[in-house]
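These numbers come from a predicted model, not from an experiment. One is the number of the first residue; the rest follow in order along the sequence. Side chains included, hydrogens not; waters and symmetry mates left out as well; all remaining heavy atoms used. Each ligand, and each atom within it, is numbered from 1 in the order the structure gives.
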Amino acid sequence: MAFLKLFFLFLAALVGLLSAGPPRKVAIIGAGVIGTSTALALKERDPTIDVTVFFDRPFEETVSWGPAGLFRLDNGKYRKWGHESYKRFSKIFKEYGGFSGVQRLSGYVLSKNVTNLFLQQINYGDFAYDFHFLRPHELEQFPFEADEIYGLHFTSFTTEGRAYVPWMSEILEEKYNVTFKQRKIKNVDELIDSFDVIVNCAGLNGGIVANDGDAANVYPIRGVIAEVDAPWQKHFMYLDFSTFTFPTINTVFMGTVKQEHRSDLKITREDIEDIQERYLKLQPAFKNVTIKSTWSGLRPGRHEIRLERVELQKSKTKIIHNYGHGGNGFTLSWGCALEAVNLAFK
Ligand SMILES: Cc1cc2nc3c(=O)[nH]c(=O)nc-3n(C[C@H](O)[C@H](O)[C@H](O)COP(=O)(O)OP(=O)(O)OC[C@H]3O[C@@H](n4cnc5c(N)ncnc54)[C@H](O)[C@@H]3O)c2cc1C
Ligand SMILES: *[C@@H]1O[C@H](CO)[C@@H](O)[C@H](O)[C@H]1NC(C)=O
Ligand SMILES: *[C@@H]1O[C@H](CO)[C@@H](O)[C@H](O)[C@H]1NC(C)=O
Ligand SMILES: *[C@@H]1O[C@H](CO)[C@@H](O)[C@H](O)[C@H]1NC(C)=O
């Protein structure tokens, strides 16, 4: 009798261990760059996991569609995630070239404030290729007095939303049999008990989908970029951190504005004049460059990225939040995806 009791205890422990093992069925809410990267990182870790990706609007209407997705990092706190992404983009470019939507691209960041450039160096200067501070003669390329400007050069990657995200989605569908379902999820509770793990990658809606009071912490940061006719522009150029041009695979983008708590998407003449006026200080030759199209989007702002796992009293389902990436969703996408996967397997 005692033996039988012991045996059942052993069995119960085994079942407990098994159910705490790797997830078998995962829901990802969001098919922007964050949700898609998270789905791909999960499948690369374990192709046998059953993954469903939910989205509530066509990809063209998400903020992940528009950006050139230049890799650059202002917040040193996210260094590790940035480094993981950089290595990933380098590997993808080596293996697939521009077919992946990823492009290797060198360029310059200029600033009158050298402290800001040292901070850039701390954030990625040791792993980004070809990183160096500009020597005086290299500053001759730009329309500033030699003693009023500082600059750095490095090799980066663009991960163009409209090419890179569909490239990942296709791998998910074709190679990994991942299902994409258009369905608005009111909040995570709706999927609890139907999945082992739910990853909330709902961007600007992340707080609403979390349904735990975080909605108040998530806010829009309005951005605008213009596609310009300047095919001779072959480097990215930054003056400080919101005035730039980036050449992507087939075009050149000029930007931007960062307007917190503003969510109107209509692009005004003021937006474009403001961007042009700032950019001309960096490259006056752009005076006669024509604008081919414009695009605006809302970055999912939060005081910090929410990337954590939440355990529930009422269910075994684990919730992982991965949202609030602000202006760095592409830069941090792969590092955050790997972290989310680690949390799913913990
Ligand atoms: C002008 C501009 C320039 C930028 N440039 C750069 C750059 O150079 N580099 C960089 O790293 N970042 C850049 N960004 C920031 C980047 O665009 C964002 O950080 C990133 O796209 C956020 O991705 P996401 O997947 O979190 O959100 P989104 O792309 O918004 O995706 C959210 C997903 O969640 C789904 N969803 C939302 N709510 C629900 C719901 N209730 N039910 C089901 N599905 C739901 C949506 O359908 C969508 O699929 C730029 C942004 C702008 C506006
Ligand atoms: C330069 O940048 C640093 C760091 O962002 C800031 O603390 C400092 O006030 C800036 N200096 C000037 C002169 O703007
Ligand atoms: C693909 O996924 C669907 C839905 O989860 C499943 O029914 C089907 O068996 C899977 N096919 C393969 C080849 O794994
Ligand atoms: C822009 O075009 C005008 C009119 O054709 C010309 O006079 C001017 O020199 C051009 N400026 C630049 C910077 O190319």
Can you sort out which atoms of ligand 1 are near Gly32, meaning under 4.0 Å from one of its heavy atoms? 25 (O), 29 (O), 31 (O), 33 (C), 49 (O)
Show me which atoms of ligand 1 lie under 4.0 Å from any heavy atom of Val209. 41 (N)
Min N/O separation [X] to ligand 1 under 3.5 Å:
| X | result |
| --- | --- |
| Gly327 | yes |
| Val224 | no |
| Trp295 | no |
| Phe330 | yes |
| Asp56 | yes |
| Asn205 | yes |
| Ala31 | yes |

Measure from NZ or CZ of [X] to the centre of the six-membered ring of [Y], then state whether that distance is under 6.0 Å and the direction lies within 45° of the axis.
| X | Y | value |
| --- | --- | --- |
| Lys43 | Tyr176 | no |
| Arg45 | Phe345 | yes |
| Arg79 | Tyr124 | no |

What do you reckon, does [X] put a non-hydrogen atom under 4.0 Å from ligand 1?
| X | answer |
| --- | --- |
| Cys201 | yes |
| Gly326 | yes |
| Lys186 | no |

Please state which protein non-hydrogen atom is closest to atom 21 (O) of ligand 1 and give its distance, to 0.1 Å?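 The answer is Ser64 OG, 2.9 Å.
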Shortest heavy-atom approach to atom 2 (O) of ligand 3 - which of Thr48, Thr52, Asn177: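 Result: the heavy atom closest to atom 2 (O) of ligand 3 is in Asn177.
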Given Ser37, Ala68, Gly329, Pro67, which has its nearest heavy atom closest to atom 17 (O) of ligand 1? Pro67
4.0 Å protein heavy-atom contact status of atom 7 (O) of ligand 3, strictly under: no
Short N/O distance, under 3.5 Å, between Thr115 and ligand 2?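 In this structure, Thr115 places no N or O atom under 3.5 Å from an N or O of ligand 2.
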Can you spot which of Asp46, Asp50, Asp196 makes a salt bridge (Lys or Arg N to Asp or Glu O under 4.0 Å) with Arg24?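 Between Arg24 and the candidates, salt bridge (Lys or Arg N to Asp or Glu O under 4.0 Å) is satisfied uniquely by Asp46.
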